[in-house]
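Remember, predicted model here, so these are calculated numbers, not experimental data. These numbers come from the heavy atoms of this one structure, side chains and all, not from hydrogens, waters or symmetry mates. Each chain gets a letter, A, B and so on, in the order the sequences are listed, and its residues count up from 1.
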Number of protein chains: 2
Amino acid sequence: MSDATFDDVLRIASPEADSQAEHGPVRIEEVARLAQVSPITVSRALRRPQMVSAVRRERIMKAVEETGYSSNPHAKALKSGRSDIVAAFVSNILSEQFSLAIEGLSDVLEAAGFQVALGRTSYSYGRETTLIRSLTAIRPAAVFITGVMELESNRTFLRNMGIPIVESWALARDPIDMLVGFSNADGARMVAEHFAAKGYRKVAFIGRSGGRGMLRLNSFTKSCEQLGLKLCRRISRDTVSGIPEGRQAMQDLIGEGSDVDAVFCASDLLAIGALLEARGRGLDVPGDIAIAGFGDSTLAEEIMPGLTTIAADTRKLGAVAGQMLLDRLQETQPEETQAGHAIRNIPLRLIERGST
Amino acid sequence: MSDATFDDVLRIASPEADSQAEHGPVRIEEVARLAQVSPITVSRALRRPQMVSAVRRERIMKAVEETGYSSNPHAKALKSGRSDIVAAFVSNILSEQFSLAIEGLSDVLEAAGFQVALGRTSYSYGRETTLIRSLTAIRPAAVFITGVMELESNRTFLRNMGIPIVESWALARDPIDMLVGFSNADGARMVAEHFAAKGYRKVAFIGRSGGRGMLRLNSFTKSCEQLGLKLCRRISRDTVSGIPEGRQAMQDLIGEGSDVDAVFCASDLLAIGALLEARGRGLDVPGDIAIAGFGDSTLAEEIMPGLTTIAADTRKLGAVAGQMLLDRLQETQPEETQAGHAIRNIPLRLIERGST
DNA sequence: TTGTACGCGTTATCAG
DNA sequence: CTGATAACGCGTACAA
């Protein structure tokens with residue numbers, strides 16, 4: 001312990017001393033005794049109120065209130081073979097867009113009594129596989145993935161668990177189960193069309209070489225051809241894409257002395273890095289070079305001169321995913337709970353700002 | 001479903017068909033049968049290997065391998081009255097610093113077989129209280145908080161759970177249990193000293209009015225007095241502090257026609273908003289006005305002309321917290337597991353960049 | 001509508 | 001060192 005100064009921290013006293021935690025957790029039996037019924041009746045009163053007479057139900061509810069009873073989720077999970085946990089796989093929790101999706105998801109699910117457990121795959125198949133295998137033990141009620149599961153073995157494994165699954169972030173043709181995504185291809189096309197409309201002719205692409213970066217590049221390439229744009233340069237890296245990588249890529253581009261008009265960056269962070277580098281070297285954006293991104297991060301609006309980008313409402317995406325899972329979890333006829341291959345599309349829009 | 005273009009998504013086939021999930025989870029009994037021992041011996045072989053003879057232990061381990069057995073965490077939790085879940089309370093998952101702390105925490109804990117469950121308090125006492133109460137049901141093994149619990153009732157509740165708890169992000173004098181923090185007061189003083197050393201004399205403060213914002217303001221105020229700096233203006237808001245709020249605050253400051261030299265913003269995002277606004281209005285930073293932040297976000301380094309800021313290694317903070325929890329969880333004599341009031345200090349340093 | 005008996009998978013206890 | 005027995009708290013199946 002160094003001699004650092006201690007902070008004086010706010011403390012807020014509360015009148016009622018809450019000694020509830022002292023006596024350990026309340027069991028259903030205690031509630032039953034208080035309400036003068038059997039434990040199973042308490043259980044029913046909570047799970048299927050209409051199965052219990054009004055008189056007892058009220059007595060029970062009162063006892064529940066008084067004791068602060070809530071059922072033990074582990075016992076419940078053990079009995080039912082299924083927990084109230086929804087597993088959410090995220091490649092990178094530092095991503096604003098993924099975090100927003102998780103917020104949307106957990107807002108919906110927590111309101112319905114489910115817990116969201118985060119698993120970080122860190123863009124690694126190894127970690128992803130490890131996490132997937134651990135699901136056998138946890139017995140989640142459902143699974144959400146910010147992305148599409150790529151390894152066929154993991155897809156099979158998840159499918160065999162027989163629980164609702166939502167993949168996301170792309171409009172894949174045959175999801176494991178359900179899907180809520182947006183069309184990366186459309187987004188890339190919108191950028192190409194925007195470039196064409198603004199009169200840019202010689203364009204470049206910066207992005208990750210795998211996954212969605214690749215999707216965006218493929219579509220961008222095709223659209224450029226159709227629109228008569230010349231795609232002079234593609235800079236792909238397979239590392240995670242942040243501001244420094246964007247800077248580096250732009251540096252490469254400029255260093256080559258290329259005469260590119262406009263650059264499409266497959267993520268906002270890449271685009272912001274590129275933009276900062278370009279301006280730092282005295283280039284005018286968009287005069288000397290136009291830049292567009294993907295994702296509509298907070299920064300896209302704040303940075304000078306404003307970043308043109310493709311926006312998807314990812315908080316909504318998460319909320320929709322949560323609702324799809326809930327719908328399936330709360331279905332009355334579990335027999336019908338076959339993989340429905342429901343697909344929901346989240347529309348994209350291009351937001352034009354100063355950078356193009 | 002609109003007519004959006006379907007993306008072609010990468011699929012990676014894998015040679016070995018893994019049919020493990022088909023047959024439902026493997027139970028300890030199956031392993032026992034395979035190894036020709038009783039279930040309890042399997043349990044012991046896994047939890048206390050030295051209690052089982054080498055011969056059987058090997059047979060058992062082989063059977064575990066073959067079946068892919070892993071113990072059911074719900075049954076374990078039910079039996080032991082304690083789960084392998086560590087609850088982590090975060091006020092805002094969109095914060096880069098908090099996310100890094102969570103990464104550090106879960107890297108350490110997951111390696112030791114614990115699961116980290118995130119609870120978002122959203123800077124709301126109500127949500128915090130709700131989450132705290134829900135812990136009774138979940139029976140976490142331990143609790144981590146990115147911040148200091150302020151409500152006395154919640155502090156009591158947590159203390160009474162009798163599990164290891166780590167608060168963080170400030171050097172509070174009497175933590176509920178353990179603490180790993182940095183001195184917000186020191187950080188603010190470092191900024192004041194830096195301003196003084198650079199010759200700035202008329203300074204301002206922008207920050208949140210509660211919690212750590214207040215800590216930083218108090219210390220900054222005192223340091224300014226001691227150093228002969230004139231603290232002309234304090235702009236406090238009680239909302240979450242992002243780039244837009246920083247912009248707004250700087251706008252207020254400039255609008256008043258004040259002749260402030262330098263501004264200390266209690267968070268990097270506020271500082272970046274302020275910086276963008278100042279430059280957007282044609283002010284030179286630091287010529288016309290110097291700006292310093294707190295947190296050392298990625299952006300601080302990237303933005304022009306570089307943001308002077310107070311850096312704390314929050315990933316390390318999370319890792320240290322995880323280790324403190326682990327040490328307590330793995331203590332052999334549970335009798336000694338009294339609230340130790342261990343306090344660890346994470347040093348701060350001022351990073352000077354172009355903005356001052 | 002209500003209650004009894006039992007089992008979910010694991011591990012502590014105690015006897016061997 | 002090993003195994004039989006019981007119990008963790010809840011909810012399903014069945015009986016009343």
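- The base of D:dG3 sits with one of its N or O atoms less than 3.5 Å from a complementary donor or acceptor on the side chain of B:Arg44.
- Residue A:Lys79 is in base contact, counting any heavy-atom pair closer than 4.0 Å across all strands shown.
- Between the P atom of C:dT2 and the CZ atom of A:Arg47 lies a distance of 17 Å, rounded to the nearest Å.
- Checked against D:dT12, C:dC8, C:dT1, the side chain of A:Leu78 finds its nearest nucleotide in C:dC8.
- The nearest heavy atom of DNA chain C to A:Met51 and to A:Arg139 marks one nucleotide each, and the one closer to the 5' end goes with A:Met51.
- When rounded to the nearest whole Å, the span between CZ of A:Arg48 and C1' of D:dT12 equals 10 Å.
- Atom CZ in A:Arg82 sits roughly 16 Å away from atom C1' in D:dT12 (whole-Å rounding).
- The 5' end of DNA chain D is approached more closely, in terms of each residue's nearest nucleotide, by B:Val37 than by the other of A:Ser70 and B:Val37.
- Of the candidate nucleotides C:dT2, D:dT2, C:dT10, C:dT10 has the atom nearest to the side chain of B:Tyr69.
- Between A:Asp84 atom CG and D:dG11 atom C1' there is a gap of 13 Å when expressed in whole angstrom units.
- A:Arg27 places its CZ atom 13 Å from the P atom of D:dA7, with the value rounded to the nearest Å.
- Among the protein residues, B:Glu30 comes within range of no part of the nucleic acid, since none of its heavy atoms lies under 4.0 Å from any strand.
- The side chain of B:Ser53 sits closest to D:dC1 out of D:dA4, C:dG3, D:dC1.
- Looking at which nucleotide of DNA chain D each of A:Ile28 and B:Ile40 is closest to, the 5′-most match is held by B:Ile40.
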